[in-house]
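Take this structure, written in structure tokens, and hold onto it; I'll ask about it next.
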Amino acid sequence: MLRIKKLKARVKDGPEILHGITLTVNAGEIHAIMGPNGSGKSTLARILAGHPDYEVTGGDVHFQVNGEWQDLLGMEPHERAKAGVFLAFQYPVDVAGVSNVTFLLAAYNAIRRARKEPEADAFEFRELLVEKAALIDLDPSYLDRAVNLDFSGGEKKRNEILQMAVLEPTLAVLDETDSGLDVDSLRIVAEGVNRLHAAHRAVLMITHYQRMLNYITPQFVHIMMDGRLVRSGDAQLAHEVENRGYDWLKETA
Amino acid sequence: MANKIQTEQLQQRGREYKYGFETVIEQDTFPKGLNEDIVRAISQRKGEPDYLLEFRLKAYRWWAQQPAPTWAAVEFPPIDFQDIRYFSAPKSMARPVNEAGEVDPILVRTFQRLGIPLREQERLTGVAVDAVFDSVSVGTTHQKMLAEHGIIFCSFSEAARNHPELVQKYLGSVVPPTDNFYAALNSAVFSDGSFVYIPKGVKCPIDLSTYFRINARETGQFERTLIIADVGAEVSYVEGCTAPARPENQLHAAIVELIALDDATIKYSTVQNWYGGDAAGRGGIYNFVVKRGRCAGKRSKISWTQVEAGAAITWKYPSVVLLGDDSVGEFYSVALTNNQMQADTGTKMIHIGKNTRSTIVAKGISCDQSKNSYRGLVRIAPGAENARNYSQCDSMLVGDKAAANTFPYLEVSNPSAIVEHEATTSRISAEQLFYLQSRGLDTEAAVSLLVNGFCKDVFKTLPLEYMVEAVNMLELKLEHSIG
Ligand SMILES: Nc1ncnc2c1ncn2[C@@H]1O[C@H](COP(=O)(O)OP(=O)(O)OP(=O)(O)O)[C@@H](O)[C@H]1O
Ligand SMILES: [Mg+2]
């Protein structure tokens, strides 16, 4: 459902960060990307979501919507969301003055409209939201608080998963959603991801830790170093990285 | 004195200002400059009674002795008051006009284009409009229907002729001609504006409004609004305004006086959209306005709501003097500045009566290289037992070149007073916008969510139709600055 070919990108007017990434993700698959700090993992994730800071200098990205391949890079960020791409941010942004429920209702209905599905009214939406929040153990009071404002690090991550659960994307890109979570939260978040996962969906998770992979088993693990995917393997590769670090991969790169 | 306005192709100045056009119409315009003769000429042109000429001359003589004030946090080169024209009116409007039916079709079309239909069959049903074009009111709608309720709603010039007892009693009673430099200037040269009187116990059945349009070049607009709500009366009044987009600055110095007697309520809303200048800071209106209301009676209430999105410089503090016991003053404000606009605005709540209450909710949004200051005074006089004030001042910065300030002043001379003040500053970042977009909201929807979230406490105090207009106006400007 996602085909990234020889993707090169840089920060606008800055140095190149991604030096040719090729990656295919099929429906039903879970992929993990690991790699040292600053290697370009978030850059890749943000480019997939359409972040305006970056400029693609080579390659292409295609995304399958209802069986049809579309040029993802030619789409606006909101169009990508409507097409089914969701990015759980490494650093979720807070939005003062806008409550979680107001924000999510607007997003939910924008996506429903694009899918030509009936929009929800405020009452039925709240019910849905309360139900989803319970699944990730988020107190309903968080729904009326301003988006992410004064949320703890772990609460922000759980709020990302809540949004994902509500918007039901076909491709979920999780950028270090496991970082900063305590053991219980980690399990809850992983369950949230597993619950969403289905044959017609895919997950691309960026992580530094093997521990998340104990709950969510990826079929593929890729190692990114210095803007390149230097090695791909199965879940075993994550164990190896955990034990040996990344240095040994440098030579093979 | 007549001169024909040349057809001028005004430059397209950004998609966010669609009111920047100029109406080509023959105008009767005074020569530049200000002196006693000009003051007399204005009064004569309006066929005013002597008391008004005296009022003007006194104000002029005081003004001529005063230096222009410079204390606001705004910067502009000194204004040459001799380089401004103080009167300009369409020739077709030389004689007084009572009902909108007789208005010059060119003016009807102009106001139509501004969204203000004047013709009887097209006009808005829920709101009466007084349309002011440069120095004259060109028409007032719904006068007959209002008169059946005993309500007087007319241009100021008409009021001066037809209701001298009310005008003489209340003109300058809230803002004396010598209150300050710009108040004196206005008192000397004011040309038109609106007058409202709501009789005892009458609840005005529709919103009243005035639309101010500046058209003539090099001309100042100096209007005067006077609203009196008699015992137990109620009125909701709304003003709107726009001006052509020109590379030079133009001065708008108005006075608004409100008087609420026992148990009367006046709600005064402003949707201000003067031309604010271009990205380089060229052009735009200097909006120097004195607005003040007096809660003169027991339990009277005055509520100001302003949504200020235009003008190169805004300098005004809609205030309430809480004289009557148990009276209530409110100020709800959103001030948005973009490009190189500057705003120094806020309010004064002067508590004199017992158990008086005031609420201040001020939201400032500064974009681009603009500068946005809130300045507010809460004064509790020695006799104001149990006075209460709550103030909330929030600033939102868009981008990293804009500036926001708050200057809250507090003078409490009665120990029973309870005064609360809260302030916050936040920033709309590209990151925030991207976050919202990444969830499926387009730029417009994302900006609207942010603006509504920030301003909802103010928006909800506007009459519904104007709320929609105000929201659109802000969204349009913000999209331009963010996107
Ligand atoms: N918007 C930006 N402006 C400037 N530099 C950037 C920007 N985004 C990324 N970079 C740079 O690109 C490189 C890759 O950053 P990226 O965030 O993709 O790393 P990462 O692999 O996600 O690291 P981490 O594991 O620490 O999250 C870094 O050197 C970073 O400083
Ligand atoms: Mg990262």
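Each chain gets a letter, A, B and so on, in the order the sequences are listed, and its residues count up from 1.
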Tell me, for B:L436 versus chain A, whether the close heavy atoms (under 4.5 Å) come from the side chain, the backbone, both or neither.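 Both backbone and side chain.
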Shortest non-hydrogen contact from B:R439 to A:A88?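 Reported closest heavy-atom pair: NH2-CA, 4.4 Å.
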How many angstroms lie between CZ in A:R46 and CD in B:E431, if you round to the nearest 0.5 Å?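 Going from the CZ atom of A:R46 to the CD atom of B:E431 covers 5.0 Å.
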Taking atom CZ as the centre, does A:R10 end up with more than 12 heavy-atom neighbours from other residues, nucleotides or ligands that are less than 6.0 angstrom away?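 Enclosed: over 12 neighbouring heavy atoms sit under 6.0 Å from CZ of A:R10.
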Option in A:L167, A:V98, A:L104 with maximal non-hydrogen atom pairs under 4.5 Å from chain B: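 Sorted descending by pairs with chain B, the first entry is A:V98.
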What pair of heavy atoms forms the shortest contact from A:A96 to B:Q432, and how long is it?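 Closest approach of A:A96 to B:Q432, heavy atoms only: N-NE2, 4.3 Å.
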Contact summary for A:I111 and B:G440, nearest pair of heavy atoms: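 Smallest interatomic distance, heavy atoms only, reads CG1-CA, 4.3 Å.
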Atom CD of residue position A:E119 - does it have more than 12 heavy atoms of other residues, nucleotides or ligands inside 6.0 Å?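 Correct, the count exceeds 12.
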Residue selection (most heavy-atom pairs with chain B, distance under 4.5 Å) from A:E76, A:R80, A:Q163, A:K82: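 Top count of heavy-atom pairs under 4.5 Å with chain B: A:Q163.
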Would you call the rings of B:Y435 and A:F89 parallel, tilted or perpendicular, where under 30° means parallel and over 60° means perpendicular?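 Answer is perpendicular, since the angle exceeds 60°.
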Count the heavy atoms belonging to other residues, nucleotides or ligands that lie under 6.0 Å from CD of A:E124, then report whether that count exceeds 12.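 Yes, CD of A:E124 has more than 12 neighbouring heavy atoms, counting only those of other groups under 6.0 Å.
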Can you establish whether the number of heavy atoms outside A:D71 located under 6.0 Å from its atom CG is more than 12?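 Enclosed: over 12 neighbouring heavy atoms sit under 6.0 Å from CG of A:D71.
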Going by the side chain to side chain donor-acceptor pair (under 3.5 Å) test, which pairs reach into residues 94-109 of chain A, not counting sequence neighbours?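 The answer is A:S99-A:T102, A:N100-A:N159, A:Y108-A:R112.
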Min side-chain heavy-atom separation A:V93-B:F434 under 4.5 Å: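 No, their side chains stay 4.5 Å or more apart.
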